Structures are given as C-alpha cells and as structure tokens.
Amino acid sequence: MTPPSLRGRPRRATSHISIRVAHGLIGGVVAVLWLLWPELTASSSGDRPSVITPVVPVPSAAAQEDVEVAVEETPTADLVLPLIALGAAAVLAVYAYVRRARRTRTRTTPGGLPSATLPTPSPLTELDEQAQASLVEADDCVRTSREELAFAEAASGREAMTPFARAVREAEWELSAAFAMRQRYDDGVPSEASARRQALAGIVGRCTEAGRRLDAEAAGFDAVRGLERGIGAALEVAEARFREVAGRTSTAEAALAKLGRRYASTAAAPVVGFVEQAKDRLVFTTLHLNQARQSADLGEPERAAAHLRVAEGAVDQAAIFVTAVDRLAGEVSTAGTLIPATLTGAEAEIAGARERVAEMMRGAEADIPLGELESRIMHADAVLTAVRETLTTGPYDPLDTLRRIVRAVMPVAAGRAGVLPVAGELVARSATAAAGDFVATHRGVVGAEARTRLAAAQRLLTEEALTADTLARTALHLAEQDVRMHGTPVAGTAPHSTGVGGALLGGILLTEDSTPGAPASFGGPRTRARRNFPLW
C-alpha cells in the first residue's frame, strides 16, 4: 500500500534512470581497475619489462649507479591510487551535477506540486471579463430575490420569511463589497499587475459567495412559499398589486404631461417613455396572471407557479416606472421652490470668498493660491448671472439649475449657507434614483460598469453629494448606452408573447440562446432558473 505521504506525488522515473547510469559508470571503472591490478602489481615486483632510460652524461660510475637504482625504485603501482581517486571524483562530480539539474527542474512548491504542473495564470483581460460577468449575475440574483421576497412576505407574512430575508441581506453585503472593490479597481487601485489580479479574484469570490448564500435558501424558500401546492394566496396578492399600479398609471401620465408644459424638456428626460413601458409590463402581467389561473384550474401547479412568477416580476417593474414619474415630479417641484434660497446662499458664499481674497492680499495664509480663488469667484459669478437670465426668460429645468449653482459655488464656499448642501443632496438623490430605476427595469442588458458606478453613487450619497451626483449620471448614461447597443431583445414575437421584449430587457425572463427562457426566481446562479417550464 502506498504511504499517505507519497500519494498524489508524481513519479520520477527519469531521476532513477540518471542514478542508475551514474552507478553503472562507477562500477565499470572499478571493474577495469580490478582486472588490471595483477598486471600492475606484477610489474612492480620485478616481472615488469625493463625500463629504457635516456642516455645522459654522468660524471662518474657511482652517479650512474645511483640513477639506475632510483629509476628501478619508482613502481608503476604508485600511480594507480591517484588515478582511481581522480576517476571517482570525476564520476561523482557528473553524478552530482545531474542530480542538481534534475532537482532544479522538479523543485516543488510549498503545496508539494511540481512547478511545471501549476496552472498558468489567466490573462488579466480574461479575469476582468469574468469579474464583470460575476457582478452582473450576482446583482441580478439579488434584485430578483429581493423582488420575489416582497411578494412572499405579502402573502405569507414577514415572520415566515425571516431566514430568507437574512440571506438576501447577507448577499447584498457581499455584493456591495464586490462593487466597492470594482470601483477601486477601475480607479487604478491597486496598480501592480499581481495585486490587480488578486483584486479581480476577490471580486469573483465575493459574487460567488453572494450567489451561494441565495442558492442555499432556494429550496427552503419554495417549501415555505408553497406555490407548487397552490397559488391562491399569492395570486390574490399579485392581482391586487396589478390593480393598484394600473390605477396609478393614468396619474403618472398626467404628471409627466404637466412637467412637459411647465418646464424645459430636460426636466422630464430621466422618465421619458416610462409610462409606455409601464403599460407594456402591465399587458404582459395580464396575460400571465390569466395563464397562471388557467394552469392552476387544469391541475398544473408547476406551470401555474412559473406564470405567476413572471407576472410578479412584470407588475413590480411597472410599479417602478410609475413611481419614478411621480417621484421626479415631486423632486422638480421641490427644486423649483428651493432655487431662490439657494441663490441667496450662493451670493453669501461668494461675498465671503471675496473677503478671503482681501485678507490674502494683506498677507493672510490660505489653503489655495490667491489667483485660483479669484478665478473660482469669477466662474461662480458668471454661472449665477446665467442662471438668473434663464429664470427670467424660461423655461428652465429646476434640478439642473440647482446643480449648476451648487457646482459653481461649492469650490469657494466656507459653510456660510446651509442651503447649498441641502440643494446638492436633493440633486444627487434624484440622479441616483433615476439611474437605479433604469438599471432595475433594464437589467437584462445593462453591464457591470453602469452597475458599479450606481453602487458607488449609492454609497457616497450622504457623504459626498457632488461626487455621488456625477457617478449616478455616469451610470445612467452607461446603462442607456448598453440598451442602445443591445437593440431589439428578440428577432420576432411568438404567439401570445405580447410584452416579451420588455420582459427580456427587464430580466424578468432569462434568455436561452437569444430566446425567452425560464422566469427569474429567488436564488443564486444555480437555482434562479429552476422554474423552467414552457410558458408558450
């Protein structure tokens, strides 16, 4: 039996061969010397051939006799031992060199595997693509799980869903950490290639853990929710939500029209088309609520659960569209009333900045050079002048007007006017919410970069409003770009597939080879497509 310490180690047949060759060489040298030994010893005892010595002039006969005696007394056997030592040393040197070269080639890592067998590190671009794909997948899983959890709590109660709510929160924590790591990576931190590879591996690991946490609870979630046993209570919740959202659609449409009449076109830009998309999702909801009820009546509970699940996803996104319109209308109205106070506060900040310039000219120290401060004051003055002109001539965009004031004045502000931070936070919250709504309702095609910027904006919202505003607007731009590049979700429409394109854009239906697949359900990457039943 192979000892446990040797299991899994590669055999070194080539190393054994080199050892045997060295042993053979040593044995051969010893054998030859053994055969020649009698001949050599015989020669040394008097049977050897006579030694021919060169004839040299000798001063006397006695000297000649001494020379002959000295020659006869130098035996050939005296050279044997040095030759043996030199030969053995040479063989051992060759043997040591072969062994050292072999060890260098087969040197092992601390884990015990030969370095030649270690996998080649993946190129950074491949690992980067894997990290982005992991972020998108984990974000979709968390969003879908949160969505279905809300419907389950409405039907079964919060207490019954406590373990699953905890799993969603834990997955959110992992995902948030992954997005933070990705934002730092995109900002160039860390800069070393090896450290960046580790950062990408860490992102993948966080996303994997988020998905694993949701996968672990998927079976228990299904058991508690019990859709396969009957969809009665869940169907009632979905139908009530459908009626509520449908009733709000006309109100949202009126609010959007009012924004268009009163303000500049840019004021309503973040929600243009939202009412139409809400109606599209509601049509899709109607279709699948009816099919869910029919499947339940026919004794097909699993298919009924699949139809109900896509109906829940569609009505939830319809609610996001309608809510976004109502929220933006309120934000624009608030911004309009805040503009006069913000202008007054901005003027106070500029006056304070001019006082600092005067002090600096008298020799006072400051955080920024005098010339730069004067340049900032001139820019803020120019922006305020342009804002006043826009307010006079109209129409204008209240949120954008606040953004211009805050961005121009904050670089010279010293905290005299508390209204400026309030205005900045209102603008940032509006931009972040708009980006979040768009990503949520188009997550089937939105990539990792837009999601990463959105997550960063949400983290910084209460600490760095201006930075959060910039990140959120960037996220919205990137998400819209992803949708434009993706184009039509499906090449054609199958029978009874009204609203399928929107469902694919929204990630309500997963795709299989560019065709509609299973409804997205509570769970991670391994379980979210488990309700894979034909819906058409």
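Residues take their numbers from the sequence shown, with the count starting at 1. The structure displayed is predicted, hence computed values, not measured ones.
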Sequence neighbours excluded - salt bridge (charged side-chain N to carboxylate O under 4.0 Å, His left out) pairs with any residue from residues 271-290: Glu253-Lys279
All side-chain hydrogen bond (donor to acceptor under 3.5 Å, both in side chains) counterparts of Glu228, not counting sequence neighbours: none
Inter- and intrachain pairs under ring pair (Phe, Tyr, Trp, His ring centres under 6.0 Å), touching residues 415-459, at least two apart: Phe438-His442
Over all atoms of both residues, closest heavy-atom pair of Arg403 and Ala431: NH2-CB, 4.1 Å
Sub-4.5 Å side-chain heavy-atom contact between Arg225 and Phe164: no
Contact list for residues 161-175, test side chain to side chain donor-acceptor pair (under 3.5 Å), sequence neighbours left out: Arg146-Glu172, Glu170-Arg213, Glu174-Arg206
4.5 Å side-chain heavy-atom contact, Arg293 and Ile231: no
Sequence-distant partners of Ala180, side-chain contact (heavy atoms from CB on, under 4.5 Å), two or more places apart: Arg184, Arg459
Heavy-atom side-chain contact between Leu289 and Val315 under 4.5 Å: no
Minimum heavy-atom distance Ala246-Leu282, with the two atoms named: CA-CD1, 3.9 Å
Within-4.5 Å side-chain heavy-atom neighbours: Val283 and Leu287: no
Between OG1 on residue Thr452 and CD on residue Glu449, distance to nearest 0.5 Å: 7.5 Å
Leu235 side, atom CG; Glu239 side, atom CD - distance, nearest 0.5 Å: 4.0 Å
Student check: side-chain heavy atoms of Asp222 and Leu227 closer than 4.5 Å: no
Salt-bridge contact Asp140-Arg451 (side-chain N to carboxylate O under 4.0 Å): yes
Candidate pair Asp186 and Arg182, rule salt bridge (charged side-chain N to carboxylate O under 4.0 Å, His left out), full reasoning: CA-CA 6 Å; Asp186 290 344; Arg182 181 69 207 197; 3.1 Å; yes
Asp139 and Arg443, any side-chain heavy atoms less than 4.5 Å apart: no
Stepwise side chain to side chain contact (heavy atoms under 4.5 Å, CB included) test for Arg241 and Thr285: CA-CA 10 Å; Arg241 186 77 184 280; Thr285 302; over 6 Å; no
Any residue meeting side-chain contact (heavy atoms from CB on, under 4.5 Å) with Ser295, in chain and number order, not counting sequence neighbours: Glu300, Arg303, Ala304, His307
Qualifying ring pair (Phe, Tyr, Trp, His ring centres under 6.0 Å) pairs, either residue in residues 319-338, two or more places apart: Phe274-Phe321
Residue that, paired with Pro519, satisfies side-chain contact (heavy atoms from CB on, under 4.5 Å) out of Arg309, His288, Glu148: Arg309
Contact summary for Gly336 and Pro398, nearest pair of heavy atoms: N-CB, 3.6 Å
All pairs passing salt bridge (charged side-chain N to carboxylate O under 4.0 Å, His left out) where residues 429-438 contributes a residue, at least two apart: Arg327-Asp437, Glu425-Arg429
Heavy-atom check, side chain of Leu399 versus side chain of Leu328, under 4.5 Å: yes
Heavy-atom side-chain contact between Pro525 and Asp215 under 4.5 Å: yes
Sequence neighbours excluded, every pair satisfying salt bridge (charged side-chain N to carboxylate O under 4.0 Å, His left out) that has a member inside residues 407-419: Glu355-Arg416, Arg407-Asp469
Distance (rounded to the nearest 0.5 Å) between Leu460 CG and Leu466 CG: 11.5 Å
Heavy-atom donor-acceptor pair, Glu349 side chain to Ala414 backbone, under 3.5 Å: yes
N/O donor-acceptor pair under 3.5 Å between Gln130 side chain and Val204 backbone: no
Sequence-distant partners of Thr266, side-chain contact (heavy atoms from CB on, under 4.5 Å), two or more places apart: Ala264, Asp397
Gap separating the OG atom of Ser521 from the CG atom of Leu214, nearest 0.5 angstrom: 12.5 Å
Neighbour count >12 (heavy atoms, 6.0 Å) for atom CZ, Arg388: yes
Between CD1 on residue Ile405 and CG on residue Leu384, distance to nearest 0.5 Å: 6.5 Å
Nearest heavy-atom neighbours spanning Gly313 and Glu147: CA-OE2, 3.3 Å
Whether Asp316 side chain and Glu312 backbone form a donor-acceptor pair below 3.5 Å: no
Heavy-atom pair of closest approach, residues Pro421 and Ala417: CD-O, 3.5 Å
Separation of Thr474 OG1 from Arg453 CZ (nearest 0.5 Å): 7.5 Å
Val406/Val427 under side chain to side chain contact (heavy atoms under 4.5 Å, CB included): CA gap, chis, key distance, verdict: CA-CA 9 Å; Val406 172; Val427 168; 5.8 Å; no
Trace of the side chain to side chain contact (heavy atoms under 4.5 Å, CB included) decision for Thr323 with Arg248: CA-CA 9 Å; Thr323 301; Arg248 293 171 53 200; 2.8 Å; yes
side-chain contact (heavy atoms from CB on, under 4.5 Å) against Gln458, all qualifying residues, sequence neighbours excluded: Thr432, Leu454
Contacts of Phe522 that satisfy ring pair (Phe, Tyr, Trp, His ring centres under 6.0 Å) - sequence neighbours left out: Phe221
Minimum heavy-atom distance Leu471-Ala456, with the two atoms named: CD1-CB, 3.7 Å
